[in-house]
Every structure is written in structure tokens, then in C-alpha cells.
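Quick note on labels: first sequence line is chain A, next is B, and so on, each numbered from 1. Predicted model only: the values in this text are computed from it and were never measured.
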Number of protein chains: 2
Amino acid sequence: MKLITRNTDYALRAVCFMAKHKGKVVSVAELTRKLRVPRPFLRKILQSLNRSGILKSLRGQGGGFILAKDATQIFLMDIMRIFQGKLRLNDCLLKKLICPNKRSCPLRKKIAKIESYVLKELSAINIASLLE
Amino acid sequence: MKLITRNTDYALRAVCFMAKHKGKVVSVAELTRKLRVPRPFLRKILQSLNRSGILKSLRGQGGGFILAKDATQIFLMDIMRIFQGKLRLNDCLLKKLICPNKRSCPLRKKIAKIESYVLKELSAINIASLLE
DNA sequence: ACAAATGATACAATTATGGTATCATTTCTG
DNA sequence: CAGAAATGATACCATAATTGTATCATTTGT
Ligand code: FES
Ligand code: FES
């Protein structure tokens, strides 16, 4: 069971690279060379990051991508959410067959507690803290 | 991102049912009726639980399955591990491209911490606690 | 005008999940 | 002993999610 999927992974690499070269406009071509990530896939990923406001894009010759905010303001959870959706550990597959009344379902409660912890921790990790 | 997959779910339902009817030998036929789970799939699942020592099976006419241990001694994590493998949140996809030396990789450390928490919590939830 | 970049989007391959089918073996019952 | 009712083992199939590729349109610097 993976917590982080491939596209989140690639996105992280790209964002970290750009954080290390703050202020520089980086093209997909360069990122592909530096990160060894399949180029068309990386493009798609960067476009998502752009739409989500993590990156800004500059079109035309000499264009590329650049961080839209400071590295301390971009969190792991933000990026995960873009590519993996909302973190939902719960959601009760086991409809009422385990617990009599889902209102007070003990399993749901326990899993909800785990979920909120994971969420809190992932939300606290920012890109800047991954560089040093 | 699901924490619990379908087969774990079905397994949980079955085990909970059997825990409620402690001592009774239950056939797949009966479980299928009660849980509304596809029969051949459920068979496969129960056979796994048998091989893993969660259930005992009794073959031949009048046979079926029965819990191999007390419901307080069967933990959510045990069942998850059977169907979903080891919980690995970490494993560094992002090979050395983020962190200079993976020995002291800050991301790995943080994720390892989250993993161990999740593991601990899931390991503490036993079947008996889901019945009441 | 042209080249170099991204935007949008449709399509394809691979893998994981969820599920079915079948035949062999065991055991109870008459 | 014969036959039915159960599981054991295992191969196969279907669907969905993940991981990509390809292509054409648009923007922009020179
Ligand atoms: S197990 Fe789902 S509501 Fe309780
Ligand atoms: S991000 Fe993988 S070793 Fe650090």
C-alpha cells in the first residue's frame, strides 16, 4: 500500500528542483534531463501544478515554469491532494454489517482518528524542509 | 486513497459474523446469504483466512469455517496484512533527487514516523471491539 | 515568419483489484 | 459403498486505476 504515487513523486522532485533554483524559469526539457522522468508525463504533471497554483507557467520561447509561492508555503499534502485526491481512509465499505448503528460505529471512529493524524502530519511538511 | 480494500472489508464482515456466532460452524453458503458478498470471491477470502490461521476449516458435509482464536486476539492489522501486504508508506520513490543523502533524508524520517503511528493504531484494533 | 515553449486533450499500456469457474479432495449420511 | 455437501487449490477473466504517449493548438521571443 503506497502512500505516495508516482505522479506525486515526480511532482515533488520537480518542485524541489525549482525550489533549489529559486527565481529561475525552468523548462520541461531541462527538468527531464535533470530528473530523469518521462517527458510527456512530466509535462502533464507540471500543467496540473500550474492549474493548481503551485507553479506559474510562462509560455512561448524561453518559457517554462517557476514556483508560484515560497517553498515554505507549499505543503506535501497540497501536492498529494492534486494527484491522489482527498485523503479518505474511512468511508465505511462495511455497511452496517459490522456495527449496528453507523452513528456510533467504533471502527469508523478509530479510523477517523488515524486519518486526522495522518492529515495533520502531511500538512505540516513543506517543501523547504526537504531541501537543506 | 483507500486504507481498506474490498477483500479486507469482506474478510472483516465474515470474521465479525463468526465472532457473533461464536462456536458455530458457518458455511460459505450461509455467509453469502447473510453478508451479500459474491460467493466464489468469499470462498477465496475464507481460504486465505484459513491458511493464515485466523479461521479453521472443517471439510465435508456439514463443514464450514469457525474462528481459530478468540475475537480479542484477532487484530485489524492482521487481516489487512493478509490481503494488502505489509503497510509501507515510505520506501523512497524519490531517489536521492530530493535529499542529498538518504541516510538522513528528512522526508523519509517524517513518513516513517507517520507509518509507525498508523501501524500501532491498526494493530490495536481487535475484532471483539467492533461488535458490541 | 519561425522556432521554442506551454495548454488541452485523447489515446494506449501496464498493473492492481475484484471476481468467476473448475476440478480435486474430504467427510457426513443413508 | 454411493452420493451429496462441503472446502482446497488454482487458473482464468473483467474492470478500474495507474502510468504513461501523442498530437494539435496557442503563445511569445527573436
Ligand atoms: S463499519 Fe461501517 S458504519 Fe460501522
Ligand atoms: S527523498 Fe528519498 S531518500 Fe530522501
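To the nearest angstrom, P of C/dT6 lies 13 Å from CD1 of A/I66. What separates CZ of B/R6 from C1' of C/dA16 is a distance of 14 Å, to the nearest Å. Look at CG on B/L49: it is 11 Å from P on D/dG8, rounded to the nearest Å. Distance CZ (B/F41) to C1' (D/dC13): 13 Å, rounded to an integer number of Å. Straight-line distance from the CZ atom of B/R43 to the P atom of C/dT22: 13 Å, rounded to whole Å. As a whole-Å value, the separation of B/Q84 CD from C/dT15 P is 21 Å. Computed from coordinates, the B/F65 CZ to D/dG8 P distance equals 4 Å when rounded to whole Å. Taking atom CG of residue A/L46 and atom P of nucleotide C/dT6, one finds them 8 Å apart after rounding to whole Å.
Summary of the strand contacts: B/G62 and B/L42 both lie near DNA chain C, and taking for each the nucleotide with the nearest heavy atom, the more 5' one is attributed to B/L42. Each of A/N7 and B/N50 was assigned the nucleotide of DNA chain D with the nearest heavy atom; the assignment lying further toward the 5' end belongs to B/N50. Nearer to the 5' terminus of DNA chain C, by closest-nucleotide assignment, is the contact made by A/Q47 (compared with the other of B/F83 and A/Q47).
Here A/K2 reaches the OP1 or OP2 of D/dT19: one of its side-chain N or O atoms lies under 4.0 Å away. In this structure, A/Y10 reaches the D/dG20 phosphate: one of its side-chain N or O atoms is under 4.0 Å from OP1 or OP2. Side-chain nitrogen and oxygen atoms of A/S57 include at least one within less than 4.0 Å of the OP1 or OP2 phosphate oxygen of C/dG7.
Residue contacts shown for B/P38 are limited to sugar-phosphate atoms, with no base heavy atom under 4.0 Å away. Across all strands shown, A/G60 has heavy atoms under 4.0 Å from base atoms, whether or not it also approaches the sugar-phosphate. Across all strands shown, A/R39 has no heavy atoms under 4.0 Å from either base or sugar-phosphate atoms.
Heavy-atom contacts from other residues, nucleotides or ligands closer than 6.0 Å to NZ of A/K24 number more than 12.
Counting distance only, with no hydrogens placed and no angle test, the side-chain atoms of A/R59 and the base atoms of D/dT26 include a donor-acceptor pair under 3.5 Å.
Considering only the side chain of A/Q61, D/dT28 comes nearest among C/dT6, D/dT19, D/dT28. Counting only heavy atoms from C-beta on, B/R51 has its side chain closest to D/dA9 among D/dA9, D/dG20, D/dA22.
For the pair A/V28 and A/L46, the minimum side-chain heavy-atom distance is below 4.5 Å. The shortest side-chain heavy-atom distance between A/T8 and A/I82 does not fall under the 4.5 Å cut-off. Between B/L122 and B/M80 the shortest side-chain heavy-atom distance falls below 4.5 Å.
Across every non-hydrogen atom of B/L31 and B/M18, the tightest pair is CD1-SD, 4.5 Å.
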